[in-house]
Amino acid sequence: MELIGEIAADRPLLVLAVKEEAQFLDTDLPILLTGMGKVNAAIALASTLAAGPRPTGVVNLGTAGALRTGWTGTRVVGTVLQHDLDGELLATLTGETYGEPLTLPDGGDVVLATGDAFISEEAARVRLAARAALVDMEGYALATAAATAGVPLRIVKHVSDEAGDGAARTWRESVAECARALAEWAEQNTPYRS
């Protein structure tokens with residue numbers, strides 16, 4: 001976890017998983033690098049928000065794999081779900097509901113599936129495509145932490161790969177292009193400079 005800049009109550013906090021995704025951000029806004037995965041993301045954002053001050057909102061910028069053919073570019077997420085938590089089974093065991101999909105304000109109809117597995121097999125991609133268009137490793141955890149703290153969240157993802165065979169190689173090759181597109185989105189859609 002690394003916080004770059006200072007959080008203020010009159011501006012948003014940009015949150016990304018890794019420095020590769022943030023490499024072209026040249027902004028006065030504070031940037032939180034959480035590390036990859038749901039646990040790192042949840043701990044980093046929750047502890048940062050708890051320490052205060054709280055930002056006006058959180059904007060998660062990052063890369064995502066496309067689960068469906070033809071999905072490219074930068075997308076604002078409307079719903080996020082966990083693909084690696086079997087909430088239905090847990091409900092039958094405990095009677096409690098865990099891990100329900102979360103709807104985000106200002107989002108569209110894009111559904112993002114979050115899990116700790118980097119999806120790089122065609123069978124996993126096909127299985128997840130029935131529930132979501134994109135896949136990442138941090139979105140649901142960040143949405144949960146922000147909602148718990150009462151801070152609005154936007155999730156913005158740039159498609160880096162097709163989440164099937166060869167996705168890891170494709171991510172490494174495309175992350176710089178994705179970072180450039182995310183920086184452009186942030187400059188156009190946030191109070192990028194003081």
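Counting only heavy atoms from C-beta outward, the side chains of Trp185 and Thr190 approach each other to under 4.5 Å. Residues Lys157 and Val77 have side chains in contact (heavy-atom distance under 4.5 Å, counting atoms from C-beta outward). Residues Val80 and Pro101 fail the side-chain proximity criterion, which asks for heavy atoms closer than 4.5 Å. Within the 4.5 Å cutoff, the side chain of Asp136 has no heavy atoms near those of the Phe118 side chain. A heavy-atom distance below 4.5 Å is not found between the side chains of Lys38 and Met137. Side-chain contact check for Leu49 versus Pro55: some heavy-atom pair is nearer than 4.5 Å.
Taking OG1 from Thr79 and CZ from Arg131, the interatomic distance works out to 12.0 Å, rounded to the nearest 0.5 Å. To the nearest 0.5 Å, atoms CD (Glu173) and SG (Cys178) are separated by 11.5 Å. The CG atom of Asp116 sits 8.5 Å away from the CD atom of Gln82 when rounded to the nearest 0.5 Å. Taking CD of Glu20 as the reference point, atom CG of Leu33 lies at 9.5 Å (rounded to 0.5 Å). The distance from the CD atom of Glu187 to the CG atom of Leu29 is 11.0 Å, given to the nearest 0.5 Å. Rounding to the nearest 0.5 Å gives a distance of 8.5 Å between CG of Leu16 and CG of Leu32.
Residue Trp71 comes nearest to Val159 through the heavy atom pair O-CG1, 3.5 Å, listed as atom of the first residue, atom of the second, then distance. Residues Gly57 and Val151 share a closest heavy-atom pair of CA-CG1, 3.8 Å. Contact detail for Ala141 and Ala41: the closest heavy-atom pair is CB-CB, 4.2 Å. Nearest heavy atoms, Pro12 versus Pro30: O-CD, 3.4 Å.
No hydrogens or angles considered: a donor-acceptor pair under 3.5 Å links the side chains of His158 and Thr74. For the residue pair Glu21 / Thr63, a side-chain donor-acceptor distance below 3.5 Å is found, with atom types taken as modelled.
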May I have the step-by-step check of side chain to side chain contact (heavy atoms under 4.5 Å, CB included) for Met1 and Thr34, ending in yes or no? CA-CA 5 Å; Met1 177 177 105; Thr34 65; over 6 Å; no

Let's go through Val156 and Arg75 carefully: what are the C-alpha distance in whole Å and the side-chain angles of both, what is the deciding distance for side chain to side chain contact (heavy atoms under 4.5 Å, CB included) to 0.1 Å, and is it a yes or a no? CA-CA 6 Å; Val156 180; Arg75 306 291 182 127; over 6 Å; no

Quick one: do Leu182 and Phe24 satisfy side chain to side chain contact (heavy atoms under 4.5 Å, CB included)? Show the steps, please. CA-CA 8 Å; Leu182 291 166; Phe24 295 107; over 6 Å; no

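Paired with Leu112 under the rule side chain to side chain contact (heavy atoms under 4.5 Å, CB included), one option of Ile155, Leu102, Asn60 passes, and it is Ile155.
Using a 4.5 Å cut-off between side-chain heavy atoms of Ile, Leu, Val, Met, Phe, Trp and Tyr, with links allowed through other members, Leu3 and Leu14 fall into different hydrophobic clusters. Ile31 and Leu45 sit in two unconnected hydrophobic clusters of ILVMFWY residues. Membership requires side-chain heavy atoms under 4.5 Å apart, directly or through other members. There is no path of hydrophobic side-chain contacts, each under 4.5 Å, that joins Leu134 to Val111. Put simply, Leu25 and Leu13 are part of two different groups of oily side chains (I, L, V, M, F, W, Y) that touch within less than 4.5 Å, one to the next. Taking hydrophobic clusters as Ile, Leu, Val, Met, Phe, Trp and Tyr residues chained together by side-chain heavy-atom distances below 4.5 Å, Leu104 does not share a cluster with Leu61.
Looking at Arg54, its side chain never comes within 3.5 Å of a backbone N or O of Ala51 through a donor-acceptor pair.
Ion pair Arg180/Glu177 not flagged as a salt bridge, since none of the NZ, NE, NH1 or NH2 atoms sits closer than 4.0 Å to an Asp/Glu carboxylate oxygen. A salt bridge links Arg193 to Asp26: at least one charged side-chain nitrogen sits closer than 4.0 Å to a carboxylate oxygen.
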